[in-house]
Every structure is written in structure tokens, then in C-alpha cells.
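Throughout, a chain's letter reflects where its sequence line sits, starting with A, and its residues are numbered from 1. Small disclaimer: the values here were computed from a predicted structure and weren't measured.
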Amino acid sequence: MNYCNLITIFAFINLLVSIPHGYSNYVETKAGQFFSSGHTNNWAVLVCTSRFWFNYRHVANTLSVYRSVKRLGIPDSHIVLMLADDMACNYRNPKPATVFSHKNMELNVYGDDVEVDYRGYEVTVENFLRVLTGRLPPSTPRSKRLLSDDRSNILIYLTGHGGNGFLKFQDSEEISNMELADAFEQMWQKRRYNELLFIIDTCQGASMYERFYSPNLMALASSQVGEDSLSHQPDLGIGVHLMDKYTFYLLEFLEEVHPASQANMNDLFKVCPQSQCVSTPGHRTDLFQRDPGSVLITDFFGSVRKVEITKDTINLTSPVEPPIKRSGSSDIQIESLTYVDQLPVAEIIHQQDCLEANVTRCRRKQQRTRKLNCQVVEKQTA
Amino acid sequence: MAALQLEKQRGRYAALAIAAVVIVVGIPLWWKTTETYRAWLPFSEISELDSLQVHALRPSSRQNHVCDSIGSAMIYNRVFDKADLSLHMLSESSCGSVVVYVIPESSTLLPEDVKVYVGQRRTALLRSPPFKTSWNLKEVLSNLDVEVEQVVSTMSFGHQDIVAALSNRVRMTKVTKESMADSMRAIKSSPGYEITFSLLNPDPKSHSLHWDIEGAVQSYIQPLLNKLAPIANFSVDSQILYYAVLGVNPRFDNSVSAYTLSADSLSHVINPVEARLGSNAASSNPVLNFLLYVPDAHHSPLFIRDHSKRKVPSNAFHSPRWGGIMVYNVNEMYGPEAERPVDININMAKVMGVFLAQLRLMLGVQHTHPPTGFVLQSPGSAGLADWELDRLLWSRSVENIATASTTITSLAQLLDQIGNIVINDNIAQQVSSAVTSLQSAVAELEAGNLAFALQYSREAILASERAFFDPSLLHLLYFPDDQKFAIYIPLFLPMCVPIVLSLLKIVSEAKKRRADKQAKSD
């Protein structure tokens, strides 16, 4: 006689846009503890929105945050860096391939391994919103995407010229605070972040975070509405202002932080008080679930991984089978490849040392070299 | 005078005609040409999805003729795993079901202290508790209910599993640490995954490592991936990295004369290595990395210590949603006089045993904590027991359904709120197909057909993701109201002012005439 057990489980799935009812309170413990923040990976989106040489400081701002974030552990694959102009290789840069953050050229924030994902004219409001919401065309490579999931903590840093309720991109368009708030709401709807830290260093920066309404957002700005953010110091050798005040002191603060540090957000809020910054930095934490005093700097700026020891293993007893031989692979002839003969550069260079009197001699030499090159090329193509 | 009147009359008619044309033809034309194309979406069905109730059916059957008729040789040899196999052949159980065989209390098939034996397939052997001979069949069966319930809840999904699967949709205030850890560890449901095996050799001058990764993947990992094929597509690749060092310096421990890595420093190991691990630029699938680190000759042997300073037998650790790292010591394989570099063949069975266990955890096969008296058969080279697979399929289906319905409802809400977004036909089609797939998936789940439910839920999630992340849905038509006025006023004001003024003049003249007539008639 067969007996059928019917077990019915009701799962009510509430799918309205509901702000979570509140996480349970976890005991604050050290960084090694598994549950303190609920994130497993970190992402950073760093945007510099201004072009032209005299906006050197905005590029330096972004690169200094990039440098700190990389130093504290976030890999390049998890950083989306958008620079609207190339200062390091700008014609007016007296020290090419460098971007300095401090006068007397103390700190080169450009470094050796900077990886810029969106450069020049690719930095637009549309691309920025596409990166945030994930609505990129399918041909976009991995490095240009923000592949965050519901357990990612994201740091978003914007700098440039701004005003009351907008941020200027590339001197031709602007993003409004409403658009930004909507973009963050779409990210929340799709659970593309666990917690998000938004830092903005522009004039009247606090207006940009006024309209946020999604949960788990914390925002910092360099100045209040009606105030201007000021630049820090010019370098007379380079000829422009190198950094903005707020990011300069932020960089100083971050240089003290190391991956195992316990500094928390309350220390970050104290960076650059009005005496140093002239403008009043502001912050907004009402949408954030956790108490800022329990949020570590490395939760956003670094990438401290949660690890667990692997306790179980599986006992595999069957021997390793040899891999399946692909049929027909031996039929393909592989040509042996060699390098092309190098150009006789030394001979070509020698021509420039020829004096006027030896011009004909040089020319004859040139002809010979050219013939030689032609012969070389012909040999290869034959 | 009459000609003047005629002219005025014609003027009045002309003004009225122009106003009529503007209002009747112009305004609708302008409205139609400036509206955005929005294809029809099934908003009513989507709002029904909002409060979706899923009744999940878990079928199970119980063989209650006590099984004395199993091959007697097996009983006497206590070979219960072979008995399990033959029982499985007896009744081919469908996906999602659990078959419990009850054997008499006095049977010697199971050892003394073992009450339940859970096999690799979907069957379990349960030793019946003692019962009085005076009881009839009904009482015996009802007595067994509790035991059977225990077996079934171990092998199949329970309330906690569903909560864990829905943890990012429904925030529960009371989640246990276990389920929180499980939900953080298991990688989110995705149509495909990339698995990368990397061999890190920081000291190629001393060690020349050989690992037969192709064969090992073929023998050990591929069976598991084949079994998991209904859930997602997997692509496996491997690489060898030379001169790759861990980010932390291990400490030399005199008591065991070996180098050790403490559990606290493990968090910082991964980051420097990750910068050098590549990934396939063409796909956006999540990547699971498994690293095998062979310590250099100067820092061998290297052991990992857990929080209580004990040695970890597997010498491996993993990071949730990222992958795992195993440290493989080779210092015992050669003596000090061996010629450098030493050829070393890595024992892939041991390595893959650890990686397979980590892979199972990453993919969401949860730990079972069986009650006392239960024995679980190890899955062996298949990687996954059938009932574990069923559990995974259940939680994946529920997670997919939850994710897809959230996506669709939030998309509908977004499109509703912002009137300026263009909705193309292909998006409408994706949304409709997602809604129908969701409804089918829920129906299949209620009927208990696990395989179909999973398939429909996968289709639903693919369609909903494609619709949500379509590049054309970017709302850049956000105009604040003052900008709208700024655009339209220079166009329409010069045109409307003469019309309005002439209309007003007509009306005032008509009023004056009526007043005159009134005065005349009085």
C-alpha cells in the first residue's frame, strides 16, 4: 500500500519595493568576523568629469582615490576608472607620464600600472548611468562593466565642476541629482549593491545627495549648498592647482589606513574641517542601516575578504582518466615560425650624423639600406 | 462702411478658422508626434506577480512492506551500500522525490548504532522503531511517521532552505548565523559560471611542477558539472602562474618546525594574487577561482592554522563567492641533494578532493547536519548525491522565481513612473515571455515537477534579465519642468499670441454688439 505524504510549504514572497525591516543586530567584532558587514566583495567607480589642462586637479583627485583604493586591496578588475582627459600625456605637462598630488612633486599618483576604463570622450552622463544601472551593450568588455551583486559594497567618487543640483560633464552636459537618485534606486531594485558610499568633491556638492531615497546609502560631500569647494595649492613648476582641498586631506587620511586598520566612518566624517577646507564638508547617513561608527573604512576603500577554513574534503578513489584525445589533431600541419630580420637601425641612424659634404654618401647609403629592406621584405612574402 | 464690416467679418472668420485648425489639428498632431513609443505590457499580470504565493510540493513515497526480500547475501555481509544500489534499481524514483525503505528492527543490514542510512541516490534505509505485535498496520505506520519525517526533512528541503534562497528578496529579522553564512557563501544564481584552476609556482628554479589538470577535470570535476547542467552552463579553464607570491609572510613556528599562516592573515592573502588572475573578457559570468599554491623551497612546509591554532587537515581555505586556495607542500618529495629544478608530479586526486568540496560549497550545496544515528553515504567521484542535487534544484528554482518576479515588477514600476522611456517591441515580448514562464514555473512547482519547474524558472530569469538590462531603456529624457517650458515657449508663444488676442477681440466685440442690441431694444 503506498502512502503519499503531501507536505505543502507556503512561501510568501513580498515583491513590492519594500525597505527592509531592519537587519538583526550583530555584535561588533574585529574585521576577521564573518558577519559584521554582510559584503563579500568591493567595487569602486571613480569618475573625473572635467577636461582641459586647467582642471588638472580633478584628474589628480580621482587618481589619488584610485591609488588609495588599489593600495588597500581592490583589484583593477573591480575598479571602473573614468577620466575625462589625459593629463599625464598632455602637451602642456612639463613632466610627462606623471600626475602629482602635492607641490614639489612629492607624490606621483599616476603610478606605473594605472588602468583607465573610460577615457576622454567616453566619459559622458550616458555612459556613467549605463555603468551604474548595468544597461551596457552586449559588446562591452568585462573591464568596462560594474559586475556587482547583492553582496558588493560600492564606492562611488565624483569630482569636477558642479552647482546646485547638478554636476557638469565634459563642459557640455550635466547630470542632475534626480537622475543620480533614480539610478541608485534602479541599482537597489536589482540588488546591485549591498551598501554604497558616495563621495563628491565639487562646488555645492551636498545638493547632489539631497534627493537620494534608496536604502543603504551613505554620502559625503566637500561643501554645502551655496559654498564653493576650493583647490589646495598651485605648483609653480607645473603651473596649475594640483588638488582640491577636500581630496587632499582625504588622501592624507587614507595614506594612514592599511588593510587591517580599524578606522571607522566617524573618522572619515572628521576629515577636512572648516578650518582647513574653508568649505563645510557634509555627510548623510539617514539612509544607512548600520551605525557609522561600526562601519570600517576598509569596508568600502579596501577589500578585506571573508575567509573560511575548508573542513571537509571528498575522498576520491578512482584514478585519473587520461584526457580524451581529440581526433584529427595530428593531421594539422603546424609551420615552424621564425622572427622577421630586424631593420638595420644602426645604419639608418648613422645617416643623420652625416655632414653636408657627405650628403651624397649618405644618400647612397640610404639607397642601399632601402634596397636591403626591400630584399628582406621580399624574402618573407615569397 | 459695409465693406469695412465685411472685411471685419472676414477677419473674424479667418481668426476663428485659424484657431479651429490649431486646436483641432495642431494640438493632436503635436501630441502624437512628440509622444514616445511604448509597446503594450501586461501590467495587470505583473501586479499579480507582486503577491505571489508558491506552494511547493515535496512528493515522497514510503515502501512499507518490510524488505526481507533483498538479496540475502547482501544482508548477511552488511554491505548496505550495495543494498542501496539494488534498491534504487528496484524503483526508479523521479526527480525531487525521496524513497524511504523501512527495514525490521532486528535486521542486520545496518550496523547496531545506525538508525538511518541515506544513500547516494534518492533512497534511504530506515530501521523501524520497536513496536508491539498487537498493533495493527495503521498504528505501526503512524508510529513510523515521526521517523520518516525526520529522514525526509534531512534529505529534502525545509523551511530554512527556502528562507536562505529568498534571503536577498525577503529580509527576515531572525536569520540564524548558519543560514546567513550559507546565503553569503553560495554564489548567486546565474545562467553560466566560469571555473578557473590556477597553479601558483613562486619558485620555478627549485620546483618544476607537473599537474595533469585536463585528466583531473575530466575525471573528477566534469561528472559534477554534468549533473549540474540543468542549473547553469559551466566553462572550465586552467592556468599556471610563475613567481606569484602570497600577500602575507608566513611565520616560522619552532614547535612544528614549519611555516604557518594564521587564520587572521588569510583575509589578506587573496588580494595581491587576484590582480594577476585573468578572466575571460568576453563573458560577464561570475568566476570561481581555485588556486593551488606550492610554497617555495625556503618557506616549505607551509601549514594553515585555524582560529584555535590547530592544524587544518585539508590545508585549504575558501572565500565566499570567490573560490578557494589550497597549499600543497612538496618538501617531502625530494631530498636536499636533488638536482634543481626538481620534477614534481602533483597528486591530483588529493587536490581535486579539496577543490570539489569547495566547489560544492560555492555552488550552494549546503551542509547537512544530520541528527544522531544517521549515516550519509559519501558522494564519491560523482560529486553530488541525487538528493543533494534535488535540494539544490529546489532552492535554485525558488530563487530564480523570486528574482525574476522582482525584476519584472520593478521594471513595470519603473516604466510606469517614467513616462518618457521608449518601450520597444522586443522588450515587451521579453516581458510577456518572462511572465508566462514564471506562471508555468509556479504551476510546475505546485505540481511537484522539479525538472520542468527549474527549466521554466531559468527561462523566466533569462527573459526578465534581458528585458531589464536592455540598453535602450536608459532614461535620459529627464527634463525638469522649467526646461520643458524653455523649449516650447519660443516656438509656440509667437504663434499663439496673435490667435489668442484676436479671439479675445472677437469675444469682446460680440459682447459689445449684444450690449448695443440690448440697449437698442430697450
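Side chain of R305(A) to main chain of P320(B): no donor-acceptor pair is present (N/O by atom type, distance under 3.5 Å, no hydrogens or angles). A donor-acceptor pair is defined here as one N or O able to donate and one able to accept, closer than 3.5 Å; such a pair exists between the side chain of R135(A) and the backbone of F468(B). Formation of a donor-acceptor pair under 3.5 Å by the S314(B) side chain with backbone atoms of T310(A) is found in this model. Within the 3.5 Å criterion, the main-chain N or O of K306(A) finds a donor-acceptor partner in the side chain of S319(B).
Taken from CD in Q189(A) to OG1 in T409(B), the straight-line distance is 7.5 Å, to the nearest 0.5 Å. For the atom pair L136(A) CG and D470(B) CG, the distance stands at 12.0 Å (nearest 0.5 Å). Separation of atoms CG (L414(B)) and NZ (K190(A)) is listed at 12.5 Å; rounding is to 0.5 Å.
Shortest non-hydrogen contact noted between R142(A) and N285(B) is NH2-O, 2.9 Å.
Only the side chain of H268(B) comes within less than 4.5 Å of a heavy atom in chain A; its backbone stays farther off. Of the atoms belonging to V354(B), heavy atoms from both backbone and side chain fall under 4.5 Å from chain A. Heavy atoms of D306(B) lying under 4.5 Å from chain A belong to its backbone as well as its side chain. If you measure heavy-atom distances from L277(B) to chain A, you find no contacts under 4.5 Å at all.
Within the 4.5 Å cutoff, the side chain of N41(A) has no heavy atoms near those of the R321(B) side chain. Q358(B) has its side chain out of reach of E308(A): every pair of non-hydrogen atoms, C-beta onward, lies at least 4.5 Å apart. Between R360(B) and I314(A), some side-chain heavy-atom pair lies under the 4.5 Å cut-off.
Among I175(A), L147(A), D76(A), the residue with the largest count of heavy-atom pairs under 4.5 Å with chain B is L147(A). When the candidates S303(A), G302(A), P137(A) are compared by the number of heavy-atom contacts under 4.5 Å with chain B, S303(A) comes out ahead.
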Inset, instruction - Any chance you could lay out the side chain to side chain contact (heavy atoms under 4.5 Å, CB included) test for K188(B) and D150(A), step after step, and finish with the verdict? - result: CA-CA 9 Å; K188(B) 250 183 59 142; D150(A) 61 321; 3.1 Å; yes
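Under the 6.0 Å distance and 45° angle rule, R130(A) does not count as a cation-pi partner of F469(B).
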